[in-house]
Structure formats: C-alpha cells, structure tokens
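Residue numbers run from 1 in the order of the sequence given.
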Amino acid sequence: MCGHLPLAIEIVASRLLARPSWGTSDLLRQLRTGGAHLTQLRDGERSMTHVFELSYRALSAEQQLVFRRIGLHVGTEFTPHAVAALTGLSAPVAGRVLEELLAHHLVSEKSPYRFTMHDLLRDYARSLIESGDTESEDDCRRAERALVEHYVRTADRADRLAYPFRSRIDHQAADPGLSCPELADAQAAEQWLISEGANLLDTLDWLVHHGSERQLAFSVHVLAGFLDMEGHAVTAEPLLRRAVAHWDAAGDSAARARALLDLGAVHTHSSRYAEAISAASEALDVARSLGEWELQSECVHQLSIPLWQTGQYAQAQELQKRSLNFLLRTDNKRQIARSRNLLGITHLHLAENSEALECFTSALAGFTEIADGRGRYSTLNNIAQLCQRMGDLRAAESAYREAIGVAEGMGNKRDRATLQMNLASVLDALGKAEEALVLYGQVLPVLRAVGDRRGEAIALNGIGRAHRAAGRGEQALPRHLAALEVIRRIHAAGEEADVLYDLALTERDTGRTDQAVTHLEESLSVSRRIGAPAEEARAARALAELRGTLNEPVQ
C-alpha cells in the first residue's frame with residue numbers, strides 16, 4: 001500500500017507507533033477506508049503529499065505540465081508519442097522531458113521508450129489536476145480526447161498493416177498535428193498492437209464511458225482484428241453487438257455489414273459457429289443489396305470458414321469457387337491468394353488431393369509475391385496437412401517447421417499455438433510421442449486462454465493420441481472423452497469424426513471392444529453425413545477389422 005517506497009513505509013510506521021492502541025490491522029483499515037490513499041500516508045509531522053509537492057515545485061513549467069498530464073493517461077505505461085498527445089508538445093520534446101523526469105526519479109523506464117509512473121505519484125499528479133488551480137476541466141477533456149485519438153488512429157494504421165485483408169469502415173481524416181510512431185511493416189504494426197494492448201483496452205473502456213456511440217463503434221471496428229487475434233472475445237463481443245446496433249440506427253448499411261463481419265469473426269474463433277454463419281450471412285445479404293463486390297467477397301470468405309469448420313465442405317467450396325471466379329477478374333492478388341487457400345482447404349477435406357495441392361501452390365506463390373507473411377504461414381500449414389494426409393510425414397514436418405519459422409516474430413498467439421499443435425500431430429505419427437506431448441502441453445493453455453474451443457479439443461485429442469502411441473491407453477481415454485465433449489458442444493463435425501475414430505482405437509487397445517464398435521459406427525456416420533470420404537474409408541476399415549476379430553457380419 002506504500003508502493004514499496006521506503007519513506008512512505010517509514011511515515012506510516014511512525015504513525016502506527018504514535019498510536020499505542022492501534023495494531024497493524026487498525027492501520028491497514030485506516031489506509032484502506034480513510035479517504036484518498038495518498039493523504040493517509042502521513043504522521044504527525046510529515047506527509048507524502050508534502051514530499052511530492054517539494055519535488056514538483058522544483059520542476060520547470062514544461063516538466064510540471066508533463067507530470068500533471070501523465071495523471072490523465074488511461075493506462076499504466078506510456079510512450080513519448082502518448083505524452084505528446086496529452087500535452088500538445090512534439091514527440092521529441094515529450095521524450096526529452098520524460099528523460100528529465102526520469103532523472104528526477106518521478107517516472108521509471110520499464111523498457112526502451114516505455115515509461116510508467118508510481119501509483120502514489122500518479123495519485124498526486126491527478127490531485128493537482130482535480131484541484132483546478134492549474135488545469136481547467138476543458139483542458140483536461142481536450143487532453144484525454146487527444147490521447148484517445150492518438151491510440152485509435154495509430155491502431156488504425158497498425159491494423160491496416162497487420163491485417164490488410166479486412167474490409168474497412170470509412171472515417172474522417174486524422175488531425176494532421178497528431179503525433180504517431182513510425183510503423184515500417186506488418187511485423188512492426190503487430191508488435192505495436194501487442195505492446196499497447198493494455199492501453200488499447202483501456203481506451204475502449206474510456207470510450208464506453210465518455211465517448212459517443214459513433215466513436216465507440218468506429219474504434220471497436222479498428223481494434224476488431226487485434227481483439228479477435230489476441231483472444232479478447234469477452235471484451236469484443238458486447239461492443240461489436242453495440243456497434244452493429246449503432247450503424248443500424250444510423251442507417252449506414254455498409255458500416256453495419258462490416259461490423260457484422262467483425263462480430264462473425266469473433267464468433268468463429270470462439271467456436272460459436274451457428275452465430276458466425278448467421279452474422280456473415282446477414283452481412284452478405286447487405287453487401288449484395290449494396291452491390292459492393294469487394295465487401296461481398298469478404299463476406300463469402302468469412303462465411304466459408306465456419307461452414308468448413310462445421311463440416312459443410314461442399315457448400316463452402318461452392319461459395320469459394322464463385323468468389324474466386326469474380327476475384328480473378330480483378331488485380332487483388334491478396335484476396336485471390338486467400339480464396340485459393342480456403343478453396344484448397346475444402347478440396348483437402350473432400351479428399352481431392354491434386355486440386356488441393358494446386359490451390360495451395362498457387363496461394364503460396366501469391367502470398368510470397370506480395371510478401372504476406374501471415375498468408376504464407378497459413379498456406380504452408382495447409383500444405384503440411386495435405387502431406388500428412390498423403391502419408392508423407394517428413395514433408396509435413398518440414399512444412400510445419402517452415403510455417404512456424406515464418407510466424408516467428410509475427411502472427412498472433414492463437415496462430416502460433418495452432419502451428420505448434422499441428423507439428424505435434426506429425427511428431428506423434430513419426431514415433432516421437434514424448435516430444436509431441438511437450439508441444440501439446442505448451443499450446444493447450446494458450447488455446448484455452450484465447451477461447452479457441454475447437455483448437456482446445458484438437459489438442460486434447462492429440463494428447464490422447466500421443467499417450468496411446470506410447471502405450472498409455474488408460475491415460476489417453478479421458479483426453480479423448482474430454483475432446484469429444486467439447487467438439488459436440490460446438491458442433492465441429494469434421495473434428496467429431498476424428499475424435500470418435502481416435503477414441504475407438506484407444507477403446508480397442510484397452511479391451512473396451514463394444515464401445516470401440518459403437519464409436520467407429522458413429523465416426524462412419526458423421527463422415528458420410530459431411531461428405532468426408534477419407535475419414536469414411538478410415539472408419540470403415542477399422543470397423544471391418546474390429547468386427548472381423550469378433551466374427552460379426554459387416555453391415
């Protein structure tokens with residue numbers, strides 16, 4: 001409660017000693033409930049407020065301005081650019097003043113060019129503003145709005161570099177006097193979003209309480225890619241719903257469609273597929289009514305993903321074929337590569353391997369040509385899965401490792417965890433079960449943390465598979481069952497067929513033959529229903545072999 005400041009500890013200790021009837025619990029109670037925290041750090045002769053006041057009076061007017069305005073910052077860490085927005089100074093001048101405050105021990109530098117202020121000092125800085133002696137209320141509101149504008153506009157620039165495929169809502173030009181950091185490329189932009197993540201969340205919170213509905217709707221759209229990719233679905237969903245409602249009330253159909261896409265993407269990555277399909281379908285209807293071809297293409301792409309992940313491969317493929325036919329008449333190389341990559345995924349699951357390879361090869365060339373790292377590692381992952389299905393495990397391992405290398409230093413934590421999880425599945429197949437288990441153990445908490453239920457189920461099933469490969473069937477069984485429970489809850493039919501198959505093999509190995517037959521029959525039925533011929537043939541073979549050992553007739 002004293003912020004680990006020796007003088008503050010000494011002062012409250014002196015206060016305690018001056019009250020013989022007090023115990024430490026009485027002192028703590030007073031510090032917690034006695035009003036403003038800083039004012040309670042006093043004894044009979046001294047107070048932390050007075051100590052801070054002496055330091056503050058020794059500063060120049062410029063230093064005092066920066067010190068006070070830091071008290072208005074929405075988060076705990078700040079950069080020279082953020083301080084420039086708060087004060088109206090240029091970023092170089094703000095940086096120089098921060099160095100001067102650092103020399104006075106009034107701020108600290110947690111990492112290069114990222115500063116923080118002690119909580120007690122921040123309380124004092126706020127008290128100076130709240131007193132009204134040096135800052136008017138209008139001055140404070142302007143400073144806060146400028147800071148929020150700094151974060152939103154810089155996030156918009158970063159988002160356009162990091163997630164260039166998103167369909168965007170138009171906005172007014174930024175204040176030309178706004179100071180923003182240089183972002184050289186997608187990797188730098190993504191790193192800025194991650195480094196400023198806490199401040200961006202605090203900025204959204206400020207807008208919820210102090211901004212207009214339009215400001216909030218635009219800002220949550222700007223940050224939708226960051227919120228989705230970094231696993232902030234709980235924060236994002238209610239704000240995105242609010243944004244959809246705002247654009248609906250404002251009569252801006254194009255913005256509403258894009259807000260629906262943002263909402264649908266969050267639903268997809270939270271494994272809420274029915275809601276994702278509904279949001280993307282609604283956005284597609286709006287886009288068609290507006291005749292916006294670029295928006296329609298993105299709606300089709302976002303709709304195809306939950307269709308694929310719920311085993312509706314043929315429908316997703318048909319949508320992508322139509323979209324690609326249109327895109328090939330444009331010069332949008334990124335969208336063409338994205339469409340080919342997703343079309344290849346549908347071919348992969350329909351066991352159309354040569355068509356899948358052609359799509360992935362073309363997509364990889366397209367992403368490489370435009371230096372799209374995210375597209376490259378996504379496509380390399382899919383090529384690895386194709387190699388794995390075709391039995392070329394060495395090629396699959398090589399492609400997964402190349403994908404992980406591309407994603408290193410970029411890519412969100414969910415993507416990196418997914419790549420590692422997929423590599424683990426190949427390592428298991430190559431007889432490296434223990435190495436696979438280490439990887440699965442690393443990625444499972446990440447997938448849970450970002451709310452990726454589908455990824456969580458795949459990882460759980462992989463852990464079970466690795467235990468079975470190592471001869472630990474009894475340890476494998478609860479993992480498969482846990483995976484099955486998750487998969488059935490989110491209705492991911494393709495993964496349900498896989499989990500049922502792996503569960504059945506573990507049951508077979510542990511002598512639970514009747515359960516194994518039942519689950520193989522279920523895997524066969526699901527595979528037939530979703531039109532997955534490779535999975536259907538796999539389950540049929542295993543079922544025939546198992547029934548053969550029981551001398552049962554094959555249906």
- Worked verdict on Glu190 versus Arg374 for salt bridge (charged side-chain N to carboxylate O under 4.0 Å, His left out): CA-CA 11 Å; Glu190 194 162 282; Arg374 189 184 306 280; 2.3 Å; yes
Answer yes if the side chains of [X] and [Y] hold a donor-acceptor pair under 3.5 Å, and no otherwise.
X	Y	result
His347	Gln317	yes
Ser195	Gln191	yes
Arg69	Thr87	no

- Let me see the working for Tyr377 and Ile404 under side chain to side chain contact (heavy atoms under 4.5 Å, CB included), right down to the final yes or no. CA-CA 7 Å; Tyr377 71 67; Ile404 290 170; over 6 Å; no
Rounded to the nearest 0.5 Å, what separates atom [atom1] in [X] from atom [atom2] in [Y]?
X	Y	atom1	atom2	answer
Arg145	Leu86	CZ	CG	12.5 Å
Gln63	Glu100	CD	CD	4.5 Å
Leu101	Leu121	CG	CG	10.0 Å
Ser362	Phe367	OG	CZ	11.5 Å
Leu380	Phe360	CG	CZ	11.0 Å
Gln296	Arg288	CD	CZ	6.0 Å

Under 4.5 Å between any side-chain heavy atoms of [X] and [Y], yes or no?
X	Y	result
Glu144	His210	no
Leu193	Phe226	yes
Cys387	Leu393	no
Trp192	Arg157	no
Leu348	Asn382	no
Tyr440	Arg465	yes
Asp185	Leu161	no
Asp205	Leu201	no

- Pick one: which of Leu319, Leu324, Leu328 meets side chain to side chain contact (heavy atoms under 4.5 Å, CB included) with Ser339?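 So, applying the side chain to side chain contact (heavy atoms under 4.5 Å, CB included) to Ser339 and each of Leu319, Leu324, Leu328, only Leu324 qualifies.
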Is it true that a side-chain atom of [X] and a backbone atom of [Y] form a donor plus acceptor pair closer than 3.5 Å?
X	Y	value
His73	Gly75	yes
Ser297	Trp293	no
Ser289	Val286	yes
Thr116	Thr76	yes
Asp248	Val244	no
Gln335	Asn332	no

Check ion pair [X]-[Y] (N to O, under 4.0 angstrom):
X	Y	result
Arg394	Glu397	yes
Glu237	Arg272	yes
Arg142	Glu149	no
Glu358	Arg340	no
Arg153	Asp156	no
Arg401	Glu408	no
Arg376	Glu402	yes
Arg258	Glu298	no
Lys110	Glu77	yes
Asp372	Lys333	no

Minimum heavy-atom distance between [X] and [Y], given as atom pair plus value:
X	Y	value
Leu227	Val220	CD1-CG2, 4.1 Å
Phe218	Ile169	CE1-O, 3.9 Å
Asn199	Arg114	ND2-NH2, 3.9 Å
Val107	Leu102	O-CD1, 3.2 Å
Ala287	Cys299	CB-SG, 4.1 Å
Ala189	Ala162	CB-N, 4.1 Å

- Query: Are Leu223 and Asp159 close enough, and set up right, to give a side chain to side chain contact (heavy atoms under 4.5 Å, CB included), and what steps lead you there?
  - Reply: CA-CA 7 Å; Leu223 293 172; Asp159 181 79; over 6 Å; no
- Could you walk me through whether Glu294 and Ser167 pass the side-chain hydrogen bond (donor to acceptor under 3.5 Å, both in side chains) check? CA-CA 8 Å; Glu294 174 272 335; Ser167 185; 3.1 Å; yes
- Message: Tell me whether the rings of His349 and Tyr313 are parallel (<30°), tilted (30 to 60°) or perpendicular (>60°).
- Response: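 Parallel, since the angle between the ring planes stays under 30°.
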Counting only heavy atoms from other residues, nucleotides and ligands, does the tally under 6.0 Å from [atom1] of [X] exceed 12?
X	atom1	value
Arg214	CZ	no
Glu352	CD	yes
Asp331	CG	no

Please list every donor-acceptor pair under 3.5 Å in which a side-chain atom of residues 450-460 meets a protein atom from a residue at least two apart or in another chain.
from	atom 1	to	atom 2	distance (Å)
Asp452	OD1	Arg454	N	3.4
Asp452	OD1	Gly455	N	2.8
Arg453	NE	Glu456	OE1	3.0
Arg454	NE	Glu495	OE1	3.3
Arg454	NH2	Glu495	OE2	3.1
Glu456	OE2	Arg448	NE	3.1

- Evaluate side chain to side chain contact (heavy atoms under 4.5 Å, CB included) for Glu355 paired with Leu350, printing each intermediate quantity in order. CA-CA 10 Å; Glu355 293 89 342; Leu350 291 170; over 6 Å; no
- Message: The test is side-chain hydrogen bond (donor to acceptor under 3.5 Å, both in side chains); show your working for Glu62 and Ser60 and say whether it passes.
- Response: CA-CA 5 Å; Glu62 192 175 56; Ser60 68; 5.3 Å; no
- Within residues 418-429 or reaching into it, pairs that qualify as side-chain hydrogen bond (donor to acceptor under 3.5 Å, both in side chains) - sequence neighbours excluded: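 Qualifying pairs: Asn381-Asn422, Gln388-Ser425.
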